[in-house]
Amino acid sequence: MEKVTFYNEVTQKVKEYYGDSATVKYSDVVKNNGLIRHGLCVKKNGSNCAPTIYLDDFYEEYAKGRDFEAVLSDVINLFEKHEIKGQVDLGFITDFDAIYDRICFRLIDSVRNEERLKNMPYRLVEDLAVTYFISLGVLGIEGNITVDNMLMKIWDVTEEDLYEAAIDNTPELLPAKIVSMGDFIGERTGDTRFASYFTGNRFLVASNTNFVGGAAVVIYPGLLKEVGDMMESDFYIIPSSRHEVIMIAASEIINGAFNLKDMVKCVNETSVLPEDVLSDNLYYFDRTCDNIKKVEYVKDTMVL
């Protein structure tokens, strides 16, 4: 069964399962970095909110030989697990004062998201775009709402207003977490030997406590200076994904950073999910200037 046929068949079967008790809608959704995901939404009667489940991973399971009925059962079970019952009061979303303390920011690649950025407020940190969203976690709802130009117009606010709100809220709602690279890799692989490979504070991983969208911690007030003081050094920032960054003391890069940028691009192409890629570039934090700069190369010379 081809992808399109699979998506259509799942949609039809889910419609048959819920019958007149829900509205089932299939749609293609443009996600981070221009990736198209194939979503299915089930809104139960009497509810004004509904989860969207993306079918792409389910198709991959089917393509690898899993029985269609088993995959379909997983899709329905996931909808049942995340069902939103009754009416959720979302009227406050149009009131900027009411929503102020839920506005957060994230970082995305300005180049890969050029088209998306035409429809949303943002600011640039080098080639990275700071964009905004409303966190719904405080309402007990998983997910968030992206702040676009239409919502900003309803609020009658500027991008500067959004940034001021987000710079207050994001570190509070999504606290930063900094761990050694050895501990980070060890936790994910179960191999504790990595902890001995990266000792001390020279190789660090920075994210938020959820490790989701955690690369944004690089613009938390004072965080990079704190890391620089911890390392007692300027440092390179490797955008390993939109969820976390790697920080390496400049003194550890003996032969210059020429290979680091090539490594970033290679890892993005081979090991990072397309929607999770943050940037192919390398960045540098200068303690003296207290700012982050993109590393450029001119005639084999590194410039900031």
Side-chain angles (χ1 to χ4, degrees), residues 32 92-93 96-109 121-126 128-147 159-189 194-195 198 200-249 272-273 275-279 283 285 287 290-292:
N32 190 50
F92 67 90
I93 289 177
F96 183 70
D97 291 334
I99 207 70
Y100 181 94
D101 60 0
R102 296 168 185 152
I103 295 173
C104 299
F105 53 48
R106 60 166 67 94
L107 284 180
I108 63 174
D109 186 346
Y122 70 95
R123 67 173 54 193
L124 292 176
V125 176
E126 293 294 336
L128 303 176
V130 181
T131 62
Y132 306 95
F133 65 93
I134 302 169
S135 174
L136 297 178
V138 292
L139 299 177
I141 302 174
E142 293 186 27
N144 55 68
I145 298 174
T146 297
V147 177
E159 185 277 332
E160 181 64 30
D161 295 325
L162 295 174
Y163 184 77
E164 288 180 2
I167 203 72
D168 287 340
N169 300 329
T170 314
E172 181 71 23
L173 297 177
L174 301 168
K177 183 173 183 177
I178 300 174
V179 299
S180 73
M181 189 186 298
D183 288 342
F184 179 81
I185 299 174
E187 288 176 4
R188 279 153 179 74
T189 63
F194 285 101
F198 302 101
N201 296 323
R202 315 303 285 168
F203 297 85
L204 300 174
V205 175
S207 184
N208 55 39
T209 51
N210 296 332
F211 283 95
V212 176
V217 299
V218 299
I219 53 176
Y220 285 12
L223 184 132
L224 296 184
K225 184 179 185 304
E226 178 183 337
V227 172
D229 291 343
M230 190 185 307
M231 291 181 171
E232 297 182 341
S233 171
D234 295 350
F235 56 90
Y236 291 98
I237 301 173
I238 298 175
S240 50
S241 83
R242 66 188 178 94
H243 301 303
E244 75 285 315
V245 298
I246 297 170
M247 301 173 172
I248 304 177
V272 182
L273 293 173
E275 65 265 38
D276 288 339
V277 171
L278 179 58
S279 173
Y283 305 89
F285 180 72
R287 295 174 72 204
D290 193 19
N291 65 7
I292 182 173

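Because only heavy atoms are used, hydrogens play no part in the values below, and waters and symmetry mates are left out as well, while side chains stay in.
Inter-residue side-chain proximity for Leu107 and Val130 is flagged as met; some heavy-atom pair is nearer than 4.5 Å. Under the 4.5 Å side-chain criterion, counting only non-hydrogen atoms from C-beta, Ile178 is in contact with Leu223. Residues Arg123 and Ile219 are not in side-chain contact: their nearest non-hydrogen atoms beyond the backbone lie 4.5 Å or more apart. Met230 is listed as a side-chain neighbour of Leu204, based on a closest heavy-atom distance under 4.5 Å. Taking the side chain as every heavy atom from C-beta outward, Phe96 and Ile103 approach each other to under 4.5 Å. The closest side-chain heavy-atom distance from Tyr220 to Phe105 is below 4.5 Å. The shortest distance between side-chain heavy atoms of Phe285 and Val227 does not fall below 4.5 Å. You'll find the side chain of Met247 reaches within 4.5 Å of the side chain of Val218, heavy atoms only.
The nearest pair of heavy atoms linking Tyr283 to Pro239 is CE1-CG, 3.9 Å. Between Ala98 and Arg102, the shortest heavy-atom contact is O-NH1, 4.1 Å. Nearest heavy-atom pair across Gly214 and Ser207 is CA-OG, 3.4 Å. Here the shortest heavy-atom pairing between Ala176 and Thr209 reads O-CG2, 4.5 Å. The minimum heavy-atom distance between Gly228 and Phe235, with the atom names listed, is N-CE2, 3.5 Å.
A 6.0 Å sphere centred on CD of Glu160 holds more than 12 heavy atoms belonging to other residues, nucleotides or ligands. Counting heavy atoms of neighbouring residues, nucleotides and ligands inside a 6.0 Å radius, atom CD of Glu275 exceeds 12 of them.
The aromatic rings of Phe184 and Phe211 lie tilted to each other, with the angle between the two planes from 30° to 60°.
Looking at Asn169, its side chain never comes within 3.5 Å of a backbone N or O of Cys104 through a donor-acceptor pair. Judged by distance alone, the side chain of Asp234 and the main-chain N or O of Arg287 form a donor-acceptor pair under 3.5 Å. Counting only distance, with no hydrogens or angles, the side chain of Arg242 and the backbone of Asp109 share no donor-acceptor pair below 3.5 Å. With hydrogens and angles disregarded, a donor-acceptor distance shorter than 3.5 Å links the side chain of Ser241 to the backbone of His243. Between the side chain of Asn208 and the main chain of Val212, a donor-acceptor pair closer than 3.5 Å is present.
If you take OG1 on Thr131 and CG on Asn32, they are separated by 8.0 Å, rounding to the nearest 0.5 Å. To the nearest 0.5 Å, atom CG of residue Asp101 and atom CG of residue Leu173 are 7.5 Å apart. With rounding to the nearest 0.5 Å, the separation of CE in Met181 from CD in Glu244 is 10.5 Å. The OH atom of Tyr163 sits 10.0 Å away from the CG atom of Asp168 when rounded to the nearest 0.5 Å. Atom CG in Asn144 sits 9.0 Å away from atom CD1 in Ile134 (nearest 0.5 Å).
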*Could you please spell out the steps behind the side chain to side chain contact (heavy atoms under 4.5 Å, CB included) verdict for Asp161 and Tyr100?*
CA-CA 9 Å; Asp161 295 325; Tyr100 181 94; over 6 Å; no
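Remark: of the listed residues Ile248, Val245, Leu278, Val205, Ile248 is the sole one forming a side-chain contact (heavy atoms from CB on, under 4.5 Å) with Ile238. Tyr132 pairs in a side-chain contact (heavy atoms from CB on, under 4.5 Å) with only one of the listed residues (Leu162, Thr146, Ile145, Thr170), which is Leu162.
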